[in-house]
> 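Sharing a structure with you now.
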Number of protein chains: 2
Amino acid sequence: MSDSGLRERKKQQTRTALIDTALDLFLTQGYETTTVDEIAAAVNVSQRTFFRYFATKEEVALACFVETEHAFFAEFMLRLDHEAPFAALCTAWRTIMQTTILSNTERSQRFRKSVRLAEMSPILFAGNLRRNLKVGKQLADAIATRWGIDPEADPRPILIVEFFWAAVRVGTGLCIHPDTTDLEELSTRIDETLAIAGEALRFGWDTPPVQQAESSGAIS
Amino acid sequence: MSDSGLRERKKQQTRTALIDTALDLFLTQGYETTTVDEIAAAVNVSQRTFFRYFATKEEVALACFVETEHAFFAEFMLRLDHEAPFAALCTAWRTIMQTTILSNTERSQRFRKSVRLAEMSPILFAGNLRRNLKVGKQLADAIATRWGIDPEADPRPILIVEFFWAAVRVGTGLCIHPDTTDLEELSTRIDETLAIAGEALRFGWDTPPVQQAESSGAIS
DNA sequence: CTAGTATATGTCAGCAGCTGACACTTAATG
DNA sequence: CATTAAGTGTCAGCTGCTGACATATACTAG
């Protein structure tokens, strides 16, 4: 419908140009001290045009997380049918990491820069948290639907997802902070943290309720 | 040194006035659509003065969380010596909830408004996440110190704290969303969610490592 | 009580993020 | 080639936020 036209190609081109130069500028001179005008000027584009591509300055920094999230969600849905939720989240995540990040494409380069950025700037980190939260709700809804329970009343689906995100964040933070920014280091650290988190969670906790008579009576 | 002077009293007065009118305006007409000028005008104060009290518009909305956090941290530290971390977090939280929120003082009113606000506006929610994160690091550091481990290398302290925050957030969300904004409802729901989370976490997982020979070899 | 000092506030100018409106250029379509 | 639609630039303007300077008000010493 709208593929491979000259127009579309140009659009994609300026979009990636904006992302790349923005990431580089952010990394070299800081996120908050870099103005949108600078980015736009570096791509020979007006500031107004920038904001037609990205609603906010934050969006350009976290842009490449969006597609990854979509892929992740799809992967998760594939596994949800025959895996426990937490395990499905972990394996889906690992898969996405392998295909998206560990490959040495331009996309993976961008992704790594974004990860570093999000770890450096508290604002970007918070923005990323917001994204996680949004996707998390969708994931939790999927789990709840699979289990046939009400996601608004039963905390377990969201808890599972939040635990998972927590582990991912902690793993990422551990990897970035100390020294290395290796590709595999990141993946390994997150895997380790996920493993610890998974070990912490009681066996069977993230499995469907085979027979639940009470709504929330599993306490005490 | 600086208590109970006329000046100090006035300052405190305008500060609380700013908070209260800000919260009311935010709740009635939305956070983002309310301008700082409106708030300042409603308190008969210049916009510049507003920003001398609060660094950002966000800060006034989440102001009353700060003191609560301090109290929470202090409570936690008291219990860390003779309780497992996750349990200490839960009991400390419950204590703070009892004394700060369930009491029907003006402070509790403000707190409830802030909770509702933070649940309504994604931006404020993210801001709150950032605060949680910051306090979380301090809490994790305390746990790591108590355990005699390196918080930058071992993910468990941060994981414990993040799991706790996740449960608190989920519980709060469950309570706010459906209907009631009861005082006790909030506390009860969070307690329930914390109980579920606590049940999910394996017994002994958040206890100090009595003999750890390997650094991260607990992974199957 | 008065004079002097410190502190809080107001005013003003200005920057950065972001948006609507309008005009212009350029690619797509017949 | 002419028409249409889409992308872009320019401009004006709002909101959040800050520095600089002047003014008013509370504290303090004599």
Side-chain angles (χ1 to χ4, degrees), chain A residues 1-19 21-23 25-26 28-63 117 121-128 130, chain B residues 1-19 21-23 25-26 28-63 117 121-128 130:
Chain A
M1 176 207 268
S2 65
D3 231 2
S4 82
L6 206 175
R7 210 171 242 166
E8 195 64 22
R9 255 182 295 140
K10 269 195 174 180
K11 245 172 60 178
Q12 222 53 31
Q13 187 178 324
T14 59
R15 185 185 149 84
T16 58
L18 281 173
I19 294 180
T21 57
L23 288 179
L25 285 175
F26 290 159
T28 53
Q29 50 182 313
Y31 171 73
E32 316 202 27
T33 53
T34 303
T35 69
V36 174
D37 297 79
E38 283 182 274
I39 304 170
V43 191
N44 285 317
V45 158
S46 78
Q47 188 218 45
R48 192 64 183 88
T49 294
F50 174 94
F51 282 112
R52 277 195 260 258
Y53 279 89
F54 305 99
T56 65
K57 179 179 160 187
E58 184 184 296
E59 196 172 305
V60 72
L62 306 175
L117 256 179
S121 160
I123 295 183
L124 289 181
F125 195 93
N128 208 20
R130 263 171 48 199
Chain B
M1 178 210 265
S2 66
D3 231 2
S4 81
L6 206 175
R7 206 172 246 166
E8 196 64 23
R9 254 181 297 140
K10 270 195 172 179
K11 245 172 59 177
Q12 221 54 29
Q13 186 179 324
T14 60
R15 185 184 148 84
T16 57
L18 281 173
I19 294 180
T21 57
L23 289 179
L25 284 176
F26 290 159
T28 53
Q29 49 181 313
Y31 171 72
E32 316 200 29
T33 54
T34 303
T35 68
V36 174
D37 297 78
E38 283 181 272
I39 304 170
V43 192
N44 285 318
V45 157
S46 80
Q47 188 218 45
R48 192 65 183 86
T49 295
F50 174 93
F51 282 112
R52 276 193 261 257
Y53 280 88
F54 304 98
T56 65
K57 180 179 160 187
E58 184 184 295
E59 195 174 305
V60 72
L62 306 175
L117 255 179
S121 161
I123 296 184
L124 289 180
F125 196 93
N128 208 21
R130 265 172 47 200

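A note on names: the letters A, B, ... follow the listed sequences, proteins ahead of strands, and every chain is numbered from 1.
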> Rounded to whole angstrom units, what separation is found between the CZ atom of B:Phe51 and the C1' atom of D:dG19?
14 Å
> Below 4.5 Å, heavy atoms only, C-beta onward: do A:Tyr53 and A:Glu59 meet side chain to side chain?
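No, side chains not in contact.
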> Does C:dA27 have OP1 or OP2 under 4.0 Å away from a side-chain N or O of A:Lys10?
yes
> Name the nucleic acid region contacted by B:Thr35, choosing base, sugar-phosphate or nothing; use a 4.0 angstrom heavy-atom cut-off, strictly under.
sugar-phosphate
> Starting at atom CD of B:Gln47, determine the distance to atom C1' of C:dC12, rounded to an integer number of angstrom.
12 Å
> Rounded to whole angstroms, how far apart are CD on A:Glu8 and P on C:dT29?
12 Å
> Atom NZ of A:Lys57 and atom C1' of C:dA16: how far apart are they, to the nearest Å?
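Atom NZ in A:Lys57 sits about 8 Å away from atom C1' in C:dA16.
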> So which nucleotide from C:dA28, D:dT8, C:dT9 ends up closest to the side chain of A:Tyr53?
D:dT8
> What nucleotide, of D:dT8, C:dA27, D:dT18, holds the atom closest to the side chain of A:Thr49?
D:dT8
> Considering only heavy atoms from C-beta outward, does the side chain of A:Leu25 approach that of A:Tyr31 to under 4.5 Å?
no
> Would you mind telling me which of D:dG16, C:dG17, D:dA26 lies closest to the side-chain atoms of B:Asp37?
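Closest nucleotide to the B:Asp37 side chain: D:dG16.
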> Provide, to the nearest angstrom, the distance between the CZ atom belonging to A:Arg9 and the C1' atom belonging to D:dA6.
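After rounding, the reported distance stands at 16 Å.
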> Under 4.0 Å, counting only non-hydrogen atoms across every strand here, what does A:Phe50 touch: a base, just sugar-phosphate, or nothing?
nothing
> Select base, sugar-phosphate, or nothing to describe what B:Ser46 touches, counting heavy atoms under 4.0 Å on all strands.
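Answer is base: heavy atoms of B:Ser46 come under 4.0 Å of a base.
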> Using the closest heavy atom to pick a nucleotide of DNA chain C for each, name whichever of A:Thr56 or A:Arg52 lands nearer the 5' end.
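The residue whose closest nucleotide sits nearer the 5' end is A:Thr56.
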> With nearest nucleotide decided by heavy atoms, which residue, A:Val45 or B:Tyr31, maps closer to the 5′ end of DNA chain D?
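Residue closer to the 5' terminus by nearest nucleotide: A:Val45.
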> Mind calculating the distance between CG (A:Leu25) and P (C:dG17) to the nearest angstrom?
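To the nearest whole Å, that distance equals 12 Å.
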> State, with a plain yes or no, whether a side-chain heavy atom of A:Arg130 is found less than 4.5 Å away from one of B:Ile123.
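SC-SC contact between A:Arg130 and B:Ile123 confirmed.
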> Touch check for A:Phe54, heavy atoms < 4.0 angstrom, all strands: base, sugar-phosphate only, or nothing?
nothing
> Whole-Å distance between D:dT15 C1' and B:Glu58 CD?
16 Å
> Look at all strands and tell whether A:Thr33 reaches a base, only sugar-phosphate, or nothing, counting heavy atoms closer than 4.0 Å.
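Result for A:Thr33 = nothing.
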> Figure out the CD/C1' separation between A:Glu32 and D:dT18, and round it to whole Å.
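Answer to the nearest Å: 14 Å.
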> Would you say A:Phe26 and A:Val60 make side-chain contact, with heavy atoms under 4.5 Å?
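Yes, close enough: below the 4.5 Å cut-off.
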> Counting only distance, no hydrogens or angles, is the base of D:dG19 paired donor-acceptor with the side chain of B:Arg48 under 3.5 Å?
yes
> Report the C-alpha distance between B:Arg15 and B:Gln12 in whole Å, list the side-chain angles of each, state the deciding distance to 0.1 Å, and finish with yes or no for side-chain contact (heavy atoms from CB on, under 4.5 Å).
CA-CA 5 Å; B:Arg15 185 184 148 84; B:Gln12 221 54 29; 4.0 Å; yes
